[in-house]
Amino acid sequence: GLAGQHLWGDSPDWGTASKAAFPLAAGGVSVWLVRALCRVRTRARLLSHASAVLGGLVIGIGVLLATQRGSVPWLMAAGLLTSAGTVLVIALWTWRRGDAMGGWVLAAHAPLIGVTLLVLLRMFGVAPFEFDSSVLLSASIAAILPLLLAALHLRSKEVLAVQVRARAMRSIDPLTGLLSARSFTERVRAAVRRYFRSRYNAVVLYVRVANYPRIREMHGSAVAEQSMTRAAIKLQRLMPDADCIGRVSESTMGLIFETITTREPLTERASRVVAHGLMPLPGLKPEVTLNLQVVGNILAENPMEATAMQAALDNALNTMSARTRRPIRFLEPDSGETAPAQMDAEIEDDGDGAPLPA
């Protein structure tokens, strides 16, 4: 009405045709919008192509009416029926697939579908009451907008949640739910930078399931992977003070402590972890135990670059025997080696040589 008064008040023909052209153009665009909201393109290729063509056809009818002198009621009714029918099919198809978006689309377009049916009944002279079709069409189209905006908001939140999960998958180990090796290495580098910049102490621990190869050889990969999952759960439960926990390699997990930075409390927590690992895993058949070994480095005692420290921790674990009686060690300053290594070698020589249980 405002546009007819201020923009094309001198064009009565266009003023009449616009009453049919704009609703049809809106109907065609709504078909495309609903097609995108309901993700038809990725779910039903035939319906996607058909709805895209029909939406363009309705817009084309609106353009055709814009070039006509006067209105063509039957052509307008055909375009509106096409758009409403296409939207109805898409909404019902989406709703039957269990997608709540179909219900939103049905609620939004129910007034438009009802008005379209009234226009058709009026064309055949069987309308139950007299009405101004342009007013009802404008009202029904206006009712669509807030509901479609609400549906668009919900769909945007879903897409954002998927994107957040996709980004998180790159930093999370899929088996254990811990940080991936790359993300954990970045955390170690950040802790080392903080120490060299502000002397903010930190401790890095490596925990390895020493009998992981034996478990995999005797019981298969499935049991070995379950063992790693249980080991990760034990670490999270018994070392809740860890600032982050990550999976460094196939059988090794790493922890960073920035609040507990002395040997005594760390050794106590590591001892509990090692002891709980020797208990048979409940609910896992066959029953297996976890032979856990722990190596740590305190930056205040032994400042090292992140790469060198991780290599030293990994090397210390590699030099430990699976039957060692000292499974908890710390790197000594200026050596990158663990102090009890030689003692362990002597102790292991005096051992009975019996393999640890899997």
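Quick note: residue numbers are just sequence positions, from 1.
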side-chain hydrogen bond (donor to acceptor under 3.5 Å, both in side chains), paired with Arg329, selected from Thr319, Thr324, Thr267, Asn297:
Thr324

Do any pairs count as a salt bridge (Lys or Arg N to Asp or Glu O under 4.0 Å) and have a residue in residues 26-37, sequence neighbours left out, and if so which ones?
none

More than 12 heavy atoms from other groups under 6.0 Å of CG on Leu46:
no

Side-chain donor/acceptor pairs under 3.5 Å, residues 53-65, sequence neighbours excluded:
none

Which residues pass the side-chain hydrogen bond (donor to acceptor under 3.5 Å, both in side chains) test with Ser251, not counting sequence neighbours?
none

Exceeds 12 heavy-atom contacts within 6.0 angstrom, atom CH2 of Trp93:
yes

Is the number of heavy atoms from other residues, nucleotides or ligands within 6.0 Å of CD (Glu158) greater than 12?
yes

For the residue pair Ile260 and Val203, establish whether any side-chain heavy-atom pair is separated by less than 4.5 Å.
no

Between CG on residue Leu178 and CG on residue Leu235, distance to nearest 0.5 Å
7.5 Å

Could you report the tightest heavy-atom contact between Ile90 and Val34, atom names first, then the distance?
CG2-CG1, 3.7 Å

Salt bridge (Lys or Arg N to Asp or Glu O under 4.0 Å) contacts in which one or both residues fall within residues 255-279, not counting sequence neighbours
Arg194-Glu258, Asp241-Arg269, Arg263-Glu301, Arg263-Glu332, Glu268-Arg272

For Ser48, is there any backbone N or O sitting under 3.5 Å from a side-chain donor or acceptor partner on Ser51?
yes

Asn211 side chain vs Asn291 backbone, donor-acceptor pair below 3.5 Å:
yes

Side chains of Ser183 and Arg247: donor-acceptor distance under 3.5 Å anywhere?
no

What do you reckon, is CZ of Arg97 surrounded by more than 12 foreign heavy atoms closer than 6.0 Å?
yes

Backbone N or O of Glu225 within a donor-acceptor pair of the Thr229 side chain at under 3.5 Å?
yes

Set of side-chain contact (heavy atoms from CB on, under 4.5 Å) partners for Leu278, sequence neighbours left out:
none

Just to verify, what does Leu88 make a side-chain contact (heavy atoms from CB on, under 4.5 Å) with, not counting sequence neighbours?
Leu92, Leu106, Ile113

I need the Leu266 CG to Phe330 CZ distance, nearest 0.5 Å.
5.0 Å

Would you mind reporting whether Val207 and Gln293 have side-chain heavy atoms less than 4.5 Å apart?
no

Would you check if the side chain of Lys234 reaches a backbone N or O of His276 as a donor-acceptor pair within less than 3.5 Å?
yes

Does any pair with a residue in residues 99-121 pass salt bridge (Lys or Arg N to Asp or Glu O under 4.0 Å), and if so which ones, sequence neighbours excluded?
Arg43-Asp99, Asp99-Arg155

Looking at Val295 and Ala316, what are the two nearest heavy atoms and their distance?
CG1-CB, 3.8 Å

Look up atom CG in Leu331 and atom CE in Met304, then write down how far apart they are to the nearest 0.5 Å.
6.0 Å

Please identify each residue that fulfils salt bridge (Lys or Arg N to Asp or Glu O under 4.0 Å) with Glu250, with sequence neighbours left out.
Arg216

When you compare the side chain of Thr289 with that of Met279, does any pair of heavy atoms fall below 4.5 Å?
no

Taking the side chain as every heavy atom from C-beta outward, state whether Ile233 and Arg237 have any pair of such atoms under 4.5 Å apart.
yes

Any side-chain to backbone donor/acceptor pair from Asn318 onto Asp314? Under 3.5 Å, distance only.
yes

Thr261 OG1 to Asn201 CG distance, which is reported to the nearest 0.5 Å:
4.5 Å

Using the test side-chain hydrogen bond (donor to acceptor under 3.5 Å, both in side chains), find all partners of Thr176 that sit at least two apart in sequence or belong to another chain.
Asp173

Flag, side chain of Trp32 to backbone of Ala52, donor-acceptor distance under 3.5 Å
yes

Got Pro280 and Val288 here, is their nearest side-chain heavy-atom distance under 4.5 Å?
no

Rounded to the nearest 0.5 Å, what separates atom CD in Glu186 from atom OG in Ser180?
7.5 Å

Minimal non-hydrogen separation, Leu299 against Ala191, with atom names
CD1-O, 4.1 Å

Sorted by chain and number, sequence neighbours left out, side-chain hydrogen bond (donor to acceptor under 3.5 Å, both in side chains) with Arg199 holds for Tyr195

Quick one: does Leu255's side chain get under 4.5 Å of Val204's, heavy atoms only?
no

Arg187 meets the side-chain contact (heavy atoms from CB on, under 4.5 Å) criterion, sequence neighbours left out, with Leu179, Cys244, Ile256

Roughly how far, to the nearest 0.5 Å, is OG1 of Thr262 from CZ of Phe257?
11.0 Å

Taking only residues two or more places apart in sequence or in another chain, which ones pass side-chain contact (heavy atoms from CB on, under 4.5 Å) with Thr252?
Tyr206, Arg208, Val248, Ser249, Leu317

